[in-house]
Trainee: 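This structure is in structure tokens; I'll ask about it shortly.
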Amino acid sequence: MDEKLRKEYFEKAFKLHSAGNIVEAKNLYLKILGENSDDYEVLNLLGMIEFQQKNFSKAEEFVKKAISLKPVRYFYETLAHIYFQQKIYQKELETRLEEEKFFGLDFELAFGLGLVYKNLLNFEKSEYYYLKAADLEPNSRDVYFNLANLYTLFHIPAKAKEYYLKCLEINPDDRESKYFLALNYFRMKDYNNGLKYFEVRLCRETAIDTEEITYPNLIPSRPIWGGEDISDKTLYTYYEAGFGDMIMFARYIPLLQKRCKKLIIKPQVQLSQLFRDNFEGVEVMDYFYHEKDFDFDVHIPFLSVPYALGLGTDNMFISRKGYLKADNSKVKEYKENFFNNDKFKIGIKWQGNTFYETARVINVDAFSGLFDLDNVQVYSAQTFEGAEEFEKLSSKYNIVDLSKSFKDFSYTAAAVENLDLIICNDTSLAHLAGAMNKQCVILLPYNYNWRWHTDLSYCDWYESVKLYLAEKNESWNSVMERVIHDIKIAAK
């Protein structure tokens, strides 16, 4: 193919490629390549198309051949992205280091190296390259944001706070930075500052939007409560996040009752009966009311309650010794049906909602050591997603499945009351156990949630909870070995 025809084909193919018509573009690129298999520019572009089509091995083949013919900087970038997309971080690192060797360090490469070292949990190298990127572009919000994220991951919230504040210097309206700044204030147990920034969270906005859809006349015409005197008013508060969040913040319901004439709460329906059992005088909704039959003076998303109450670090952690109880008749029923033995009863759960993250999922075989303990009966409290893993344990061990008996959290609470110990991931069951003052072990991933703060030897929210952190690159099996070791010591 002569150069003129190659140029014509290439320009047409590139235009199609840029417009998103990758099938026709690919055909033209292949025509060019059929005439000249060493056309490195076309090889790279074909690699990009295969990457877009998620044909990663083919993409890698094309781009590596392009690099072998001519080591162009952006070819390395393409190859690095191919590995990044597949989470093959070691190969991505090798590609980026080779690029640095040939071309030196520019902003994009420094940023990419910072990210890949973070994914490999190499804090020192990641920090080094992110700081290099910051030197190369001092006004880059993305660098400061990623540095802050790095310090969060490696449990240095004071430094994370410093860099989120730098993001806000660049863009004072940066909601994402405000939200994560709030979480780092929380992790440092600074709720005086954190609660204010926490008001920008998206789940608060979503909850209000949902209420406006449900009550299109009421919600827009009633103000959000901001802490003012409502002693003669009706307050309506509603869920916005997970079950665990609702259970954890339920400790503030008695304070809310004292502030208003009437309190109406809309938790998730699975929590309604449990709340009714525990908070006398509060109107707890199961489902939404018809708008014409419903009225209130002010409303507030539930996670905004501490801020509106004017709480802070000194008075956030009320009711550490428990504030929820199970219904006595249900407790008795569970005793008769499942717990009528003299063994030490351990309840386990290994998975919660994985929509937002999977790091909290524990492999079920990690619990196998529990079955070797003397005079112990293990019970599964795993529900919904992850329940299929129960078979892996039940096929080998004597384990009792409680999950099918859980019609709502009032039933779960009755089961928990009959247990001697709960061992679980960071999930709603842990909050329920803590709120009931039942002994509970929570297994935390290395990148753990803000609410457990920095001193994991002590749980600020629940006196009965003990926290075990999976150290960097530590397996859940290893964490459970530590838990079982402590159980054996306690039993002596």
Trainee: With a 4.5 Å limit on heavy-atom distance, are the side chains of Leu153 and Leu121 in contact?
Mentor: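 Side-chain contact under 4.5 Å: yes.
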Trainee: Does NZ or CZ of Arg201 lie under 6.0 Å from the centre of the six-membered ring of Phe198, at an angle within 45° of the ring axis?
Mentor: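 Geometry flag: set, cation within 6.0 Å and 45°.
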Trainee: With distance as the sole test, does Glu211 use its side chain to make a donor-acceptor pair with the main-chain N or O of Ile219 at under 3.5 Å?
Mentor: no
Trainee: Measure from NZ or CZ of Arg175 to the centre of the six-membered ring of Tyr197, then state whether that distance is under 6.0 Å and the direction lies within 45° of the axis.
Mentor: no
Trainee: Taking side chain to side chain contact (heavy atoms under 4.5 Å, CB included) as the definition, give me every residue that meets it alongside Asp426, ordered by chain and number, with sequence neighbours left out.
Mentor: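 In terms of side chain to side chain contact (heavy atoms under 4.5 Å, CB included), with neighbours along the sequence ignored, Asp426 is linked to Arg360, His431, Ile442, Leu444, Asn449, Trp452.
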Trainee: Only one of Phe145, Tyr179, Tyr151 clears ring pair (Phe, Tyr, Trp, His ring centres under 6.0 Å) with Tyr164; which?
Mentor: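 When ring pair (Phe, Tyr, Trp, His ring centres under 6.0 Å) is applied between Tyr164 and each of Phe145, Tyr179, Tyr151, only Phe145 qualifies.
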Trainee: Donor-acceptor check, side chain of Asn425 to backbone of Thr427, threshold 3.5 angstrom: yes or no?
Mentor: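 Checking the backbone N and O of Thr427 against the side chain of Asn425, no donor-acceptor pair under 3.5 Å is found.
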Trainee: Classify the ring geometry of Tyr130 against Phe111: parallel below 30°, tilted from 30° to 60°, perpendicular beyond 60°.
Mentor: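 Plane angle over 60°, so perpendicular.
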Trainee: Between CH2 of Trp450 and CG of Asn184, what distance do you get to the nearest 0.5 Å?
Mentor: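 Answer rounded to 0.5 Å: 11.5 Å.
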Trainee: Assess, by modelled atom type and distance only, whether the side chains of Ser405 and Tyr334 contain a donor and an acceptor separated by less than 3.5 Å.
Mentor: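 Note: Ser405 and Tyr334 side chains meet the donor-acceptor criterion.
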Trainee: Going by an N to O cut-off under 4.0 Å, is there a salt bridge joining Lys159 and Glu162?
Mentor: yes
Trainee: State, yes or no, whether a side-chain contact exists between Ser380 and Lys349 at a heavy-atom distance under 4.5 Å.
Mentor: no
Trainee: Considering the options Phe186, Tyr185, Tyr191, which one meets the ring pair (Phe, Tyr, Trp, His ring centres under 6.0 Å) requirement together with His453?
Mentor: Tyr191
Trainee: Can you find a side-chain donor-acceptor pair between Asp190 and Asn193 that sits under 3.5 Å?
Mentor: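 Asp190 vs Asn193: donor-acceptor pair found between side chains.
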Trainee: Look only at the side chain of Arg251 and the backbone of Ile318, and say whether a donor-acceptor pair between them is shorter than 3.5 Å.
Mentor: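 Yes, because the side chain of Arg251 sits within donor-acceptor range (under 3.5 Å) of the backbone of Ile318.
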Trainee: Mind checking whether Phe296 and His299 have parallel, tilted or perpendicular rings, split at 30° and 60°?
Mentor: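 Taking His299 first and then Phe296, their aromatic rings stand perpendicular (interplane angle over 60°).
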Trainee: So, the side chain of Glu417 versus the backbone of Ala415: is there a donor-acceptor pair under 3.5 Å, distance only?
Mentor: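 No, Glu417 side chain to Ala415 backbone: no donor-acceptor pair under 3.5 Å.
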Trainee: So, using side chain to side chain contact (heavy atoms under 4.5 Å, CB included) as the criterion, who are the partners of Asn341 when residues are at least two apart?
Mentor: Lys343, Lys345, Tyr379
Trainee: Test your reading of the model: is there a side-chain donor-acceptor pair from Lys407 to the backbone of Gln270, 3.5 Å cut-off?
Mentor: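 No, Lys407 side chain to Gln270 backbone: no donor-acceptor pair under 3.5 Å.
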Trainee: Examine the side chains of Glu240 and Thr206 and answer whether a donor and an acceptor come within less than 3.5 Å of each other.
Mentor: no
Trainee: Determine the minimum heavy-atom distance between Leu429 and Cys424, stating which atoms define it.
Mentor: CD2-CB, 4.3 Å
Trainee: Could you tell me whether the side chain of Ser319 and the main chain of Gly322 form a donor-acceptor pair under 3.5 Å?
Mentor: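 No; zero donor-acceptor contacts below 3.5 Å.
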Trainee: Ignoring hydrogens and angles, tell me if any N or O in the side chain of Ser177 forms a donor-acceptor pair with the backbone of Leu168 under 3.5 Å.
Mentor: no
Trainee: Can you tell if the side chain of Phe371 reaches within under 4.5 Å of the side chain of Ile399, non-hydrogen atoms only?
Mentor: yes
Trainee: Are side-chain N/O atoms of Asn477 and Ser475 paired as donor and acceptor at under 3.5 Å?
Mentor: no
Trainee: Give a yes or no on whether a salt bridge exists between Arg222 and Asp295, defined as a side-chain N under 4.0 angstrom from a carboxylate O.
Mentor: yes
Trainee: Report yes or no: do Tyr411 and Gln273 form a side-chain donor-acceptor pair below 3.5 Å?
Mentor: no
Trainee: Contact between Leu370 and Ile484 at the side-chain level, heavy atoms closer than 4.5 Å - yes or no?
Mentor: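 With C-beta onward as the side chain, the pair touches.
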Trainee: In plain terms, say whether Asp365 and Lys392 are close enough for a salt bridge, that is, a side-chain N and a carboxylate O under 4.0 Å apart.
Mentor: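 No, Asp365 and Lys392 are not salt-bridged.
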Trainee: Of all the heavy-atom pairs spanning Phe249 and Pro306, show the shortest one and how long it is.
Mentor: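 That closest heavy-atom pairing would be CE2-CG, 3.5 Å.
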Trainee: Of all heavy-atom pairs between Thr383 and Ser403, which one has the smallest distance, and what is that distance?
Mentor: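 Closest approach of Thr383 to Ser403: CG2-CB, 3.7 Å.
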Trainee: Check the orientation of His81 and Phe84. Use parallel for under 30°, tilted for 30 to 60°, and perpendicular for over 60°.
Mentor: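 His81 vs Phe84 ring planes: perpendicular.
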Trainee: With distance as the sole test, does Glu291 use its side chain to make a donor-acceptor pair with the main-chain N or O of Leu218 at under 3.5 Å?
Mentor: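 Such a contact is found between Glu291 side chain and Leu218 backbone.
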Trainee: I'd like to know if the side chain of Asn122 and the backbone of Tyr117 have a donor-acceptor N/O pair within less than 3.5 Å.
Mentor: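 No.
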Trainee: Only pairs at least two apart or in different chains count here, so list each side-chain hydrogen bond (donor to acceptor under 3.5 Å, both in side chains) that has a residue in residues 252-268.
Mentor: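 For residues 252-268, and leaving out neighbouring residues, the side-chain hydrogen bond (donor to acceptor under 3.5 Å, both in side chains) pairs sorted by first residue read Lys262-Glu283.
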Trainee: Give a yes or no on whether the backbone of Val284 and the side-chain of Arg276 come within a donor-acceptor separation of less than 3.5 Å.
Mentor: yes
